[in-house]
There are 2 protein chains.
Amino acid sequence: MKFNLSQAEENYLKAIYSIGIDTGKSVNTNQIALKMKTKASSVTDMVKKLSDKGLVEHKKYKGALVTSKGESIAVSTLRSHRLWECFLVDTLEFNWDEVHDIAEQLEHIKSDSLVDRLDKFLNFPSYDPHGDPIPDKNGVIEHHKNVMLSSVDPEASCIVIGVKDSSSSFLKFLDNAGICLGKKIKVLTVEDFDQSMQLEIESKVITVSHQISKNLYVKK
Amino acid sequence: MKFNLSQAEENYLKAIYSIGIDTGKSVNTNQIALKMKTKASSVTDMVKKLSDKGLVEHKKYKGALVTSKGESIAVSTLRSHRLWECFLVDTLEFNWDEVHDIAEQLEHIKSDSLVDRLDKFLNFPSYDPHGDPIPDKNGVIEHHKNVMLSSVDPEASCIVIGVKDSSSSFLKFLDNAGICLGKKIKVLTVEDFDQSMQLEIESKVITVSHQISKNLYVKK
DNA sequence: TAAAATTTTTAGACAAGTCTAAAAATATTT
DNA sequence: AAATATTTTTAGACTTGTCTAAAAATTTTA
């Protein structure tokens, strides 16, 4: 069957897929509504529609999960989104905090070969500007190991490999703090009271809230 | 006032603008319906909507014309479309017959700076792959002189500078006939009966119908 | 210039996607 | 386990853009 989905359908699939990946469980109507910034009743309608098309599995009152067909569409939308982000940053020289909303539109362009040609032009990148892995042509995607800066022990060092939140405000904060992908961070102390962290970055010391540290992916 | 138009609205504006440029007269409902591949009643509805927004001037039963606000939106959509076509052909190496439909989607991406950055990346091209002039950042656009191959006299030579029809089938025909932008064509004879032309192109002689010759822009 | 043909508009309907308000089901608390 | 709270679904409405069919206006023809 040939799927020609609306942007709305693709966005819902992406949301259900990514919440499912994050939580590993069936995805609730309210979780989807929150992510899609819409009302639960709208979600119910759309989930029913996607379910009728065989793209999600839904049990009334029990949440939804993407089927394998749904997953492959969601992954291909993610691939498109992330490749466009690479293009916007690497080729058009946008800053990493400017590209999310534009890529959100570009990801829905329908063409058999556009994304693959873009992939080739960009020399088959593995990660987007926010450190998210880019699925290959066949939908194979490497998943983040989900190690957050907030879980790093005092005295330990790590390298920033990604951001969980791609909002402009968060990314601008990181720019100002001198934090970007690949940067080495040493955790000096963690405050018991609010889990704020003292960090050493290139011999400068800064303090960040838990809100910040739990949105940064790092590796040892 | 800030205009945030739907893709449908932008497409109608583009259609009304370009038919208006071609004919120099008020644009009829049926002409728009033909171009938009829709019904006259749908056109009436949309024209009313655009008129309410001050983007077209409409007198009942007498056709429509874009206002200056409408024109500037139409021109900026054209600019976007043509720059994306350049990108698709020059950067992603699509053939010129593959890009129209994709650019038709890309032209509607909403971003303050995307098109200008694309323009810069492409080194401010003046013409798209079909020879159509690209409006500059301020909406200034050079118009074709509308000299068609069909109006060239026998024994005269000319250079192909554009195509009026950007359909894949026409462009594929041109590829097969060895006709591309910049190619020199000598008109040998014009048939009285059906206005078909004998052409000499790089010492090869071919015959083309009036349908073909009236869709090729040329210069002396 | 009256009749016929064509064009345009109106009226009413439909699909997609959203919303609010209320009902139904499930989960939590006591 | 009953009462309460929360979540989810249903019902009905609205918007955008489309359509068909019929009415109104305009243009063409005789």
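Residue numbers begin at 1 in each chain, while the letters A, B, ... track the order of the sequences.
Protein atom CG of B:N30 is 18 Å distant from nucleotide atom P of C:dA5, rounded to whole Å. We find that CE of A:M46 is positioned 10 Å from P of C:dA16, with the value rounded to whole Å. A straight line from CG of B:L50 to C1' of D:dT16 spans 13 Å, rounded to a whole angstrom. Rounded to a whole Å, the CG atom of A:N4 is 13 Å from the P atom of C:dA16. In this structure, the NZ atom of A:K39 is 15 Å from the C1' atom of C:dA22, given to the nearest Å. When rounded to the nearest whole Å, the span between CE of B:M36 and C1' of D:dT16 equals 14 Å. Residue B:K48 contributes atom NZ, which lies 12 Å from atom P of D:dT16 at whole-angstrom precision.
A donor-acceptor pair shorter than 3.5 Å can be found between the side chains of B:K35 and B:S18. Judged purely by distance below 3.5 Å, without hydrogens or angles, the side chains of A:H81 and A:D128 never pair a donor atom with an acceptor atom.
Using a 4.0 Å cut-off, some side-chain N or O of B:Y12 falls inside it from OP1 or OP2 of D:dT18. The phosphate of C:dT9 has OP1 or OP2 within less than 4.0 Å of a side-chain N or O from B:H58. For the pair A:S41 and D:dT8, the criterion of a side-chain N or O lying under 4.0 Å from OP1 or OP2 is not met. Contact check, B:N28 against C:dT8: a side-chain N or O comes under 4.0 Å of OP1 or OP2.
The residue B:S42 sits close to a base: some heavy atom pair falls under 4.0 Å. At the heavy-atom level, A:K60 lies under 4.0 Å from the strands shown only through sugar-phosphate atoms. B:D45 comes within contact range of at least one nucleobase, with a heavy-atom separation under 4.0 Å. Within the 4.0 angstrom heavy-atom criterion, base atoms lie near A:T44.
Here A:F94 pairs with nothing under the ring-ring contact (aromatic ring centres under 6.0 Å, His included) rule; sequence neighbours left out. Applying the ring-ring contact (aromatic ring centres under 6.0 Å, His included) rule to A:F170 yields no partners; only residues at least two apart in sequence or on another chain are considered.
Where B:A40 and A:Q7 each meet DNA chain C at their nearest nucleotide, the meeting point lying more 5' is that of B:A40. Nearest-nucleotide mapping onto DNA chain C: of A:T38 and B:V27, the residue sitting toward the 5' end is B:V27.
Ring geometry, B:F87 versus A:W84: the interplanar angle falls from 30° to 60°, so the pair is classed tilted. Ring orientation note: the planes of A:F121 and B:F121 are nearly perpendicular, at an angle over 60° on the 30°/60° scale.
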Each nucleotide N or O in nucleotides 27-29 of chain D that has a protein N or O under 3.5 Å away: list the pair and distance.
residue, atom, partner, partner atom, Å
D:dT27, OP1, B:K62, NZ, 3.2

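Results of the side-chain contact (heavy atoms from CB on, under 4.5 Å) test with A:V163 over A:I179, A:L171, A:N215 single out A:L171 as the only residue that passes.
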